[in-house]
Amino acid sequence: MAQHDAQPLAMACWDISWLLQRDIRDGAYASLERVLDETERRGFNTLRLDPCPHLIATPENGIHMDRCELMPQGAPAVEVKIRHQLQQLLQSAHERGFKVWFSSRFINDSRARRSFVRRPEDFVAVWSETLSLVEQWGYLGDVAGLDFCYQFPSLPHAHGVARRVFRRSPERSLPSHWSATASERLEEYLRDIPRALHALFPSVPVGLSTTAALSEQLRQLDTSELDFLDFSLWLDDDPRYRLASGEAMPAAGLLGKLANPMKQLLLDAGGMHWQRRLEDQLQRRMAFTRLRRLQPVISEGFVRQPQDLRKLPTGWADLHEMMVVNALTQGVEALTPTSLACPSYPWLWQEEE
């Protein structure tokens, strides 16, 4: 995945929003060409996308139906033409010179097809068919990375894996400690999926995205077949920040309403302090990727904000800018300047600078 001679990847986190908000009249992605032009003007050169490989791939009965009904959690169902819309997006992105970064959350649909992606070979099957189509369309060279399951093995994204690995319903949360047997099963995924995809598509880097909590468990596993580790870097994962902002307390009534204003005050009053703590997080993650010889990626970060916020705290931009500079200095060549810089956050997206 080395990109030493190439421009760093500046990622815009479109994820599944490009599908869910595509065909709604006032949706953020209703005019694909316009939003791509806006993304290019803002300096991005890479789109992080969920191509829904489990819906792109032909099911076991051998009949592929392009029309799918997506069922996002807590939101109305959305009907999409999955292959048609992906091809359209890749064509428009290619015309503007964008790279794409694939990362799937394996969203539920009306036929519950995510349930059938259970074993390592199931992930290989859906991704290899998706990449074969992308290659057939002529855009395989635009794929800069493939995260085979967003924050694997977290739920609900690794829905089909829960019973096979942890012997529990996907409706339950993951255990805080993984047994030796579960760890052995998880290593099969980390080993077999990238190995098979490398053999089929050697030009596509294959890796894993993780969280602060999951990365501690990951230290016990074999990661030698992975090309990159995408570690989201959130100040919100810092226990001191969570405690100071009130987010670590039960978010009921008045406490819940005060958490976001408290975050603004904390950033305004102690931006440098929190920046140093976030830099410490970065150092720890970088040390791990160097030890494992993994390319470091930061496709998510750095401070979460509610979607309906209208005014950013004064220290917000400085903190994000410094984290980008620090990450680039330490050798991160694929990252997002902020997860909020996408059309789904119109109040920030309108601020072109």
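Numbering of residues begins at 1 and proceeds along the displayed sequence.
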Problem set entry | Donor + acceptor pair across side chains of T289, Q295 (<3.5 Å) | no

Problem set entry | Residue pair E69, D109: steps toward the side-chain contact (heavy atoms from CB on, under 4.5 Å) verdict | CA-CA 6 Å; E69 190 176 42; D109 79 308; 5.8 Å; no

Exercise. Using the ring of each side chain (for Trp, its six-membered ring), is F123 parallel, tilted or perpendicular to F148, with breaks at 30° and 60°?
Worked result: perpendicular

Exercise. Is the ring centre of F106 less than 6.0 Å from the ring centre of H157?
Worked result: no

For this session: Using the six-membered ring wherever Trp is involved, compare the ring planes of Y29 and W14 and label them parallel, tilted or perpendicular (cut-offs 30° and 60°).
Result: perpendicular

For this session: Could you go through the ring-ring contact (aromatic ring centres under 6.0 Å, His included) check for F228 and W101 one step at a time?
Result: CA-CA 12 Å; F228 65 83; W101 188 276; 4.8 Å; yes

Problem set entry | Pair E300 + R48, salt bridge at N-O below 4.0 Å | yes

For this session: Determine, for E225 against R195, whether the closest basic-nitrogen to carboxylate-oxygen distance falls under 4.0 angstrom.
Result: yes

Exercise. Is there a donor-acceptor pair under 3.5 Å between the side chain of S209 and the backbone N or O of Q151?
Worked result: yes

For this session: Return yes if a side-chain donor-acceptor contact under 3.5 Å exists between E38 and W349, otherwise no.
Result: yes

Exercise. With the threshold set at 4.0 Å, does a side-chain nitrogen-carboxylate oxygen contact exist between R34 and D37?
Worked result: no

Exercise. According to the interplanar angle, ranging from 0 to 90°, do the rings of Y189 and F152 count as parallel (below 30°), tilted (30 to 60°) or perpendicular (above 60°)?
Worked result: tilted

